[in-house]
Number of protein chains: 2
Amino acid sequence: MTIRDVARASGVHVSTVSRTFSAAHLVNAQTRSRVLAAADELGYRPNRAARALSTRRTGNLGLIVADIANPFFPPLIKAAQSQARARDYHVFVADTDEQARVEEELVRSMAKQVDGALLVAPRLSNRVIAELGRDVPFVLVNRRVSGLPGVLMDVAAGARQALEHLAGLGHREVAVLTGPRASWTSQEMVRAAEACAGEHGLRLHRIGPNPPTEEGGAASADEVVASGVSAVLAYNDMVAVGLVQRVERLGLTVPADLSVVGVDNTHAARYFRPALTTVDMPVAAAGRGAIDLLLQAVTTGEPPGTVSLDTRLVVRDSTARR
Amino acid sequence: MTIRDVARASGVHVSTVSRTFSAAHLVNAQTRSRVLAAADELGYRPNRAARALSTRRTGNLGLIVADIANPFFPPLIKAAQSQARARDYHVFVADTDEQARVEEELVRSMAKQVDGALLVAPRLSNRVIAELGRDVPFVLVNRRVSGLPGVLMDVAAGARQALEHLAGLGHREVAVLTGPRASWTSQEMVRAAEACAGEHGLRLHRIGPNPPTEEGGAASADEVVASGVSAVLAYNDMVAVGLVQRVERLGLTVPADLSVVGVDNTHAARYFRPALTTVDMPVAAAGRGAIDLLLQAVTTGEPPGTVSLDTRLVVRDSTARR
DNA sequence: ATGAAAGCGCTAACAA
DNA sequence: TTGTTAGCGCTTTCAT
């Protein structure tokens with residue numbers, strides 16, 4: 001079913017059919033309904049790929065994340081996808097397996113097929129990101145690169161709240177388990193934690209980088225114990241969970257012997273026992289906001305600015321007075 | 001950067017450049033390397049949308065799921081996406097919010113843009129699915145529709161194992177919390193549970209349909225308690241978790257007063273306390289397998305058959321002797 | 001092995 | 001308001 005079939009069936013020229021679908025106001029109301037009726041009858045649907053060829057707009061967006069199975073991402077993907085769909089855009093979702101190389105290749109291979117892309121918590125260097133930004137308009141989530149639009153979740157504020165919470169509970173020696181080296185979130189956490197530690201007279205032990213997984217958390221347990229800290233701020237909930245499980249196997253109890261704070265407020269944080277004290281990230285809002293910024297960039301050509309979203313500490317049962 | 005730029009730079013005709021990328025064996029080795037060099041130099045990348053117009057192959061696949069944020073799906077999406085990427089396909093991921101209407105609209109709107117689609121645990125009726133199957137080749141996951149290829153996870157076997165496990169623990173009155181009415185998985189569970197209950201002299205109470213969420217499980221708690229059963233097989237882990245939380249608020253203890261079995265073996269099942277006894281679903285294998293079948297259907301035009309994958313009961317701490 | 005030319009389905013000046 | 005025409009970037013006969 002092509003535009004020609006519809007044109008023939010409704011007795012008008014193809015361009016009239018085209019207009020009916022892409023600039024309805026340019027066509028006479030009666031003609032339009034005749035065309036629409038014929039199209040409906042024939043089950044015609046515009047071919048977006050063909051349209052893309054002349055408009056240079058595909059109606060597709062790319063969404064690139066480090067690991068779909070990491071529970072941080074699905075709610076963000078869902079929100080972004082839903083927002084995009086509401087604007088009649090389709091979303092390609094791809095997973096980089098935490099590898100910068102794959103991420104770069106993915107952006108390049110998508111570049112021609114999408115009008116823009118969302119890079120969520122990218123693992124690429126700022127330099128490469130800036131370079132790729134010349135190929136496709138994109139919006140970054142949880143990464144600040146000057147000149148590029150982004151949505152940031154204010155994890156620094158969350159980390160600060162977490163450390164103040166720990167300080168208030170009497171902890172003096174605190175470890176921060178860092179995440180992947182290329183993670184902006186991790187860097188922010190560390191920066192904020194260090195500043196905050198200074199203000200509150202805490203001694204901060206930096207342990208990492210760790211893979212952003214349970215295994216990563218488990219693997220750092222020995223070092224945590226050896227460091228003699230009484231509290232830990234982990235890169236994310238999965239790391240926190242892995243750490244707790246391992247230290248409990250070593251004979252410690254959480255939170256009696258060790259307080260642990262996670263980040264992300266994923267399901268795991270609620271289900272786990274002890275339920276995790278964690279930094280809540282506004283992922284759905286970030287997903288929607290990022291799509292809005294991206295579409296703004298795409299439609300106006302103007303790179304929009306950077307948006308920062310609040311985070312907040314959720315206190316549960318994995319932290320206690322020292 | 002188009003094929004013309006490359007042609008000009010390498011001193012050949014556009015059709016030669018085209019062949020270099022789509023049928024390399026038809027072009028002289030030296031010419032080919034000259035073209036490749038020029039293309040590389042210019043950073044040329046074939047425009048897939050343009051290519052699609054003449055080949056009628058987009059290189060895209062659709063992946064439609066009921067709810068990205070339901071932890072059952074992400075590992076499946078990840079596996080499917082990764083498998084597709086290895087075959088040089090991109091995948092559109094879309095979320096239907098559990099609504100059959102949205103699902104249908106999504107398939108229709110993707111139809112022209114993809115070479116095939118994966119429908120995971122569709123909520124549509126068999127009739128509509130069969131009808132859509134004429135527009136786009138697709139593969140179903142967890143749904144059997146005669147004539148359409150599919151990957152099924154043998155939840156019936158899992159349900160049977162679960163009931164035998166419960167029977168072995170001395171339970172005689174068992175409830176099954178059904179899921180969405182249109183869910184094949186839910187229907188299979190019930191069928192298998194009923195057959196199995198007959199064989200083992202259990203009395204089975206069917207309670208549902210329930211939304212496949214924690215709220216769904218919580219909402220059925222009263223009915224579960226009123227029914228006087230000592231064990232429950234829930235539609236999935238989230239329903240199980242919701243149920244457990246609510247019955248504990250009602251003063252019961254799991255598993256002492258009530259044994260609960262989930263389905264899916266999501267993260268929640270491991271983190272939750274008591275850790276859930278649950279039916280493990282081979283989601284990653286299903287995702288990969290479905291992509292393989294789909295690509296086979298797409299490339300050969302022959303609809304492949306149906307594959308069934310084993311499930312197994314994972315016994316943890318939410319079930320106990322009556 | 002390569003070039004020439006037509007066409008995939010649609011849009012977008014331009015003309016009428 | 002509608003029709004005419006020339007492409008968008010690529011593939012694919014058909015010649016050479």
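Naming: A, B, ... by sequence-line order, numbering from 1 per chain. Since the model is a prediction, treat every value here as computed from it, not as a measurement. Any value given below was found using the heavy atoms of this structure, including those in side chains, with hydrogens, waters and symmetry copies removed.
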Compute whether any side-chain donor of one residue and acceptor of the other, for Asn126(B) and Arg144(B), lie under 3.5 angstrom apart. no
Span of DNA chain C in contact with chain A (heavy atoms, under 4.0 Å): dG9(C) to dA13(C)
Nucleotide of dC10(D), dG3(D), dG9(D) approaching Thr16(A) most closely (side-chain heavy atoms): dG3(D)
Quickly work out the Asn47(A) CG to dG9(D) P distance and round it to whole Å. 16 Å
Atom NE2 of His13(A) and atom P of dA6(D): how far apart are they, to the nearest Å? 12 Å
Answer yes or no: is there an ion pair linking Glu104(A) with Arg127(A), defined by an N-O contact shorter than 4.0 Å? no
What does Val17(A) touch in the nucleic acid at a heavy-atom separation under 4.0 angstrom: a base, only the sugar-phosphate, or nothing? nothing
Any salt bridge between Glu103(B) and Arg108(B), counting N to O under 4.0 Å? no
Taken to the nearest whole Å, CZ/Arg57(B) to P/dT11(D) is 14 Å
Interatomic distance, Leu53(A) CG vs dT11(D) P [rounded to whole Å]: 12 Å
Using whole Å, report how far CZ of Arg51(A) lies from C1' of dC10(D). 20 Å
Need to verify one output field. Residue with the more 5' nearest nucleotide on DNA chain C, His25(B) or Ser54(B)? His25(B)
For the residue pair His90(B) and Phe92(A), categorise the inter-ring angle as parallel (less than 30°), tilted (30 to 60°) or perpendicular (more than 60°). perpendicular
Euclidean distance, atom NZ of residue Lys112(A) to atom P of dC8(D) [Å, nearest integer]: 15 Å
Rounded to whole Å, please give me the gap between CZ in Arg56(B) and P in dC10(D). 18 Å
With DNA chain D as reference, determine whether Thr2(B) or Arg32(A) sits nearer its 5' end, using the nearest nucleotide of each. Arg32(A)
Reading DNA chain C from 5' onward, which residue's closest nucleotide shows up sooner: Thr31(B) or Ser22(A)? Thr31(B)
Tell me whether the side-chain N/O atoms of Ser18(B) come closer than 4.0 Å to OP1 or OP2 in dT11(D). yes
Counting any heavy atom closer than 4.0 Å, what does Ser15(A) reach on the DNA or RNA strands: base, sugar-phosphate only, or nothing? base
Does any N or O donor sit under 3.5 Å from an N or O acceptor when you compare the side chain of Arg19(A) with the base of dG3(D)? yes
Rounded distance (Å) that lies between atom C1' of dG7(D) and atom CZ of Arg4(B): 10 Å
Without hydrogens or angle criteria, can the side chains of Asp115(B) and Thr58(B) be said to hold a donor-acceptor pair below 3.5 Å? yes
Closest non-hydrogen atoms of Phe21(A) and Ala39(A), given as atom of the first, atom of the second and distance, are CZ-CB, 3.7 Å
Is it true that Glu105(B) and Arg45(A) make a salt bridge, defined as a side-chain N closer than 4.0 Å to a carboxylate O? yes
